[in-house]
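See structure below.
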Amino acid sequence: MNSEYIIEMLNIRKEFPGIVANDDITLQLRKGEIHALLGENGAGKSTLMSVLFGLYQPEAGVIKKNGQVVKINNPNDATALEIGMVHQHFKLVDVFTVMDNIILGAEDSKLGFLQRKKARKKVEELSKRYNLNVDLDAKVEDISVGMQQRTEILKMLYRDNEILIFDEPTAVLTPQEIDELMEIMRGFAKEGKSILFITHKLNEIMAVADRVSVLRKGKYIGTVETKNTTKQELSNMMVGRPVQLEVQKAPSNPGEVVLSVQGLTVPSKLHKNNAVKGVSFQVRKGEIVCIAGIDGNGQSELVYGLTGLEKASGGKVTLCGKDISKASIRGRANAGMSHIPEDRHKHGLVLDFTLEQNLVLQDFQDERFQKLGFINSGAIREYSEKLIEQFDVRSGQGAVTAARSMSGGNQQKAIIARELDRNKELIIAVQPTRGLDVGAIEYIHGQLVAQRDAGKAVLLVSLELDEVMNLSDRILVMYEGEIVGELDPKKTTVQELGLYMAGAKRDNEQEV
Amino acid sequence: MKNTLLDMYRKDGTKKVLASLISIFAGLVLGSIIAVIVGLTGNPQSFSTQSIFDGIRLIFGGLFSTGRGAQGQLTFGFNPSNWGNMFFRAVPIMMTGLSVAVAFKTGLFNIGTPGQFLMGTMGTLYVALSIPTTVVPAWLVWLLAFLAGTLLGAIWGAIPGLLKATRGVNEVLACIMTNWIAGNLVYMFFKANTQLQCPPETGKTGYIMVTAENGVATSKMGLDKLLPGSQVNGGIIIAIVIAIGVYVLMNKTTLGYQLKACGANRHAARYAGIKDKRNIVLSMAIAGALAASGASLYFLSGNAEFAWTKIYQSLPEEGFNGIPVALLATNHPIGVIFSSIFMSMLNINGQMLQNLTSYNKHLSDIIIAAIVYLSSFSLLIKMLLSKKKKEKAAPAPEPAKEEAKAAQAEETAAPEETAGDSADAEEG
C-alpha cells in the first residue's frame, strides 16, 4: 500500500491483427499529480486508455493499483477501482436532465424507487466544492458544450473516482473555458485526485501537467517533468524529428481583390433566424484571411453560402470580378474556387470510393480524364500517382486504396492535394487541420503559406486559436452570424481575440 | 503458383463470388434435407428410399435430367430443351436483377420492379399488337414495341426518383405505391382494349394474345438449332449484351461515376458540383427502363402469354425476383447474368422434380428462398473469409520488417482495426 504510484501500467502490449498498437508501454501515475499522455494520432494513446478502462485485454503486462496487481476485465471493474473517464465525445443522454445524467448507471434506490433527494444533495455539494457550475435541471441538449463537460466531470466525482482520465478535453472549448478547466484540474490535484490528461496540445501540457509521458507509433518514448522540458523538446519526442512549431512566413504582400462579399445573408437550418447576417468582406491575392470564432456562430453557413452548397437569401459574391451570387456549385468552382471542406467524411470524400476516384472527384469531367463520357482510367491513375507522390499521401495500396481505410491525416492530405492542384485563385480552407497531429499540421500550414506566396487568396476558417494567430495575415471574428471585428494577428493577443469571439467586445464600425 | 492462388483469394471479387457460391451450396443442402424429411414422413407409397435419393439428385442436377430409362431409373445427359428453357426464363429476371443492382449501386432500393415490369408489358404488347405488320415491317414493330415498353418503364421508375429528389419521400414507399398503381392501371388498360385479348374461341380467357399473332417475335438467332425443343430465342443474347452495357456504363463512364458518387455520398457529390437530384431521378429512370425491358424481351419472344386478369391482386413475380438475383450477384452487372441463369436453372430443376418424382416443384422455391436468405448474409460470409485470411497472414512477420510494417499499419489501417484509436484519428 505504500507504493509511490496510485496506478501503474507496466510493460503493456496490445496487438491487433497486423499491428502492435501498444508495444511495451509503461505509464506510472503518482497520487495527486496531473500526468499528460502525449502522442500523435494513432500513437496508441486511446488503446492504452481502453486497456486501463477494461475495454481491451492486454497481451502482456500488468496493471497495479497502489502496488497491488489488479485485473480489469470491463468498465465496471474500472469504476470499482475508482477510475473515471471523460470521453472526447461525451456519453450523455441528450433528452435527460443534467441530474439524471449524473446518476445514470449509479442510481441509488430504495425498493425500486429512485432516491433523488439524497443524490441531489451530494451532487450540489460536489459542484460547490469544485466550482463546477451547472444547472442540474436543464436538459443536456439545451446546455453549452462546456457545461456538458462539467456534467461529465460531475459524473466521475459522483462515483467517488480518484483517478480521472480526460481524453482530449479542450478540443471543444473556448479559450476562457479552457482556462477554467485547467483551474478545475488543478483543484482536483490539490484534493489528492490523480489526473491523466490525453492531448496533443503542447501549450496545455506546459500550463497544467506535472509530468508527461510520450508515445510514438505504439512505443513508449519516455516520461519527463514538465518543468525540465520545452515545447520543442516534447514535439520532437512525439514526432521523432525536429518540428517547426511556428509557421514560417514572410510578411504578406496583398494584391488585387479576388473575393468580394457584400451583405451575404444565409438562412439557418436550425432556427428561424439567419445564420449569416449581412456579412461583407474581401480577400485579396497573396493573403491569408482567417474567420475566427467559436463553433456555431455562422462560419459553416458562411462557407456554404460562398461555395453554393446552400442558397444565400441575400447579398452579392464576386469572384475574380465575376458575380457568382447565382452560380451553381460547379460554376463557382470553375470561376476560380477551391474548397477544403470542414467535414472531410461528409463533403470531402466518398469513403467507399478509392483514393484515385476521390482525387478526381472535382475534375472527372475534365478532358484529361474522359473522352465522350468514357473514363480514361490510365490518365486518372497517372494523375493520382503524381499527386500521391507530390503530396506524400500514404496509404496501404496506393491509388486503389479505399478512402475509408486511410488514416485521418492522409485523408485530409488527399483532399488538400486535390484542391490545391486545381490551381484556383481562391482557396477556402475550413478547419484544414482539425484532428490532425503536429507533423500533418506543419505540412498543411506550409502548403497554405506556399499557396499564398504563389499569389493565391486564402480564406481560412478555424476554431484553433494557435492556427488563427500563427497562420493568418488578417483575422475576422464572427459572432452570432456577424463579423464583429477585424484584427491584426501581430498586434492582438489571444485574450483580446477571445473577448471578440465570446461577443464581449466588438468593433464599432464594421468595415473590412 | 501457390502465391498467385493466394493473391486471387485475397481479391475482393473472388471473395464475393465465393460467398455467393457458399450460400448456393448451403441452400441446395437445405433443400436436400427437406426432401429427406418430406420423403421419410410422406406417404410410403409415393416415397421410397430410392425416390428420396432421386429427389436429391434432381435438386442438384435436374437440368441434366433426360427423364427415366426403361427400368424406371433416372437418366442424365444433355437435355437441350431444359437448357433452352433455362435461358428463356432467365431473360426477365436478368433484366429486373440488373434494375435492382443499378439502383443499389447508386444508393437506392428499387422495389418498384414489378410495377415497372408491368408498365413495360403494357407498352410493348400494345405497340406490338396494334401496328399491323402488313404496313410496317415486323422488325420495326419489334423495335418500336421494345422502346415503348422500356420508355414507359423509365417514366414509371422516374416517379419515385422525382419524389425522393424533390420531396424527400423514401423511394421504397413510393415504389410500393407505384407498384399497385401500375397493377390496377394495366388491368384497366387491358380490360378496355378487348382487341388485344385472346378471342373467346381459342378458349384462352384471361390472356393477352402472343405477339407472334401479329408476326412480331424476337429472332431466334440460331439458338433454336443449338437447343431444339425449347422456347429459347435471341432475347437472352440481347439481355446479356445489355448487362455488359450496364457494366460499362457503371464502371467506365463519367455518368456511372456520378451516379455511384451520389449513391455513396450525396453530400460529397453535391460538394463536387454533381447535380445530385438529377442523378437520383436518372438512376431510377435507368432502373425502371431495365426492369421494363425485361418485360419487353419476355413478351416479344412471341410465345409468352400475359395473364392480365389477376394482376391487380398479385404483382408479377419476375419483378420481385430481381431482388434475389441482384443480391446473389452482390449487385455486379456481370454477376447478374450468372445469378439469373442460376435461378432459372433451379426453376427447371423444380419442374423436373415435379415431373419425375412425387415431390412438388415448389421445393425449388424453398431452395431459392434459403439461398436468398443466406446471400443477404454474403457480406457476413465475406467478412468471415477476410478474417480467416488475416489470421493466416498475421503470424510471424519478419522481425526486421516488423517496425516498418507496424508504422505503415498505423498509417493505413488504424481507423479500421483499432476502434479506440480511430476516434482519436478523426477528431481532435
Side-chain angles (χ1 to χ4, degrees), chain A residues 16-21 23 41-47 49-50 55-56 88-89 168 171 200 217-218 307 309 328-331 333 339 341 343 345-353 357 361-362 364-365 369-370 373-375 377 394-396 401 404-410 434-437, chain B residues 10 12 105 107 248-258 260-276 386-395 397 402-428:
Chain A
F16 293 103
I19 51 167
V20 184
D23 184 5
N41 297 323
K45 295 172 300 203
S46 295
T47 307
M49 286 306 109
S50 301
L55 295 168
Y56 294 138
Q88 191 180 356
H89 303 279
E168 311 238 353
H200 54 236
K217 290 185 175 157
T307 53
L309 278 170
S328 67
I329 298 171
R330 178 151 296 156
H339 175 197
D343 188 333
H345 290 171
K346 186 178 174 191
H347 288 120
L349 296 169
V350 180
L351 290 175
D352 292 323
F353 275 13
Q357 283 174 319
L361 189 61
Q362 296 263 22
F364 68 95
Q365 281 179 329
F369 304 130
Q370 57 106 4
F374 284 89
I375 293 171
S377 49
R394 287 184 217 163
S395 59
T401 317
R404 189 182 293 286
S405 71
M406 291 165 59
S407 72
N410 283 301
R434 177 179 178 183
L436 303 186
D437 52 59
Chain B
R10 278 186 190 153
D12 203 47
K105 284 264 181 192
V248 172
L249 172 80
M250 294 308 286
N251 292 291
K252 306 284 178 198
T253 68
T254 51
L255 179 63
Y257 178 89
Q258 285 187 51
K260 282 192 292 184
C262 282
N265 185 347
R266 195 174 162 184
H267 300 286
R270 240 172 82 70
Y271 152 85
I274 295 170
K275 294 199 166 60
D276 57 331
S386 303
K387 214 170 177 180
K388 221 176 125 196
K389 181 209 88 188
K390 261 181 203 152
E391 274 166 19
K392 270 187 194 160
E402 197 173 36
E403 192 176 356
K405 198 180 162 192
Q408 192 198 19
E410 284 278 353
E411 282 291 336
T412 57
E416 207 178 45
E417 304 196 326
T418 58
D421 267 338
S422 73
D424 203 40
E426 263 144 37
E427 275 148 277

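Throughout, a chain's letter reflects where its sequence line sits, starting with A, and its residues are numbered from 1.
Contact of the A:R330 side chain with the B:I274 side chain is registered, since non-hydrogen atoms from C-beta on lie closer than 4.5 Å. You'll find the side chain of A:K346 stays beyond 4.5 Å of the side chain of B:Y271, heavy atoms only.
Annotation: maximal heavy-atom pairing with chain B below 4.5 Å, among A:V350, A:T307, A:L55, occurs at A:V350. Chosen from B:G256, B:A269, B:A268, B:A264, the residue pairing most often with chain A at heavy-atom distances under 4.5 Å is B:A268.
The contact between B:K260 and chain A is made by backbone and side chain atoms together, counting heavy-atom distances below 4.5 Å. For a residue to count as touching a neighbouring chain, one of its non-hydrogen atoms must lie under 4.5 Å from one of that chain's; by this rule A:L309 touches chain B with backbone and side chain alike.
Here the shortest heavy-atom pairing between B:N265 and A:L349 reads ND2-O, 2.9 Å. What you find for A:I375 and B:T254 is that their closest heavy atoms are CG1-N, 3.6 Å. When all heavy atoms of A:F364 and B:Q258 are compared, the pair lying nearest together is CZ-CG, 3.2 Å. Across all their heavy atoms, B:A272 and A:L361 have their closest contact at CB-O, 3.5 Å. Summarising the geometry of A:F353 relative to B:A261, their closest heavy-atom pair is CZ-N, 3.4 Å, with the distance given to 0.1 Å.
By the 30° and 60° cut-offs, the orientation of the rings of A:H347 relative to B:H267 is perpendicular.
How far CZ of A:F374 is from CG of B:N251: 12.0 Å, rounded to the nearest 0.5 Å.
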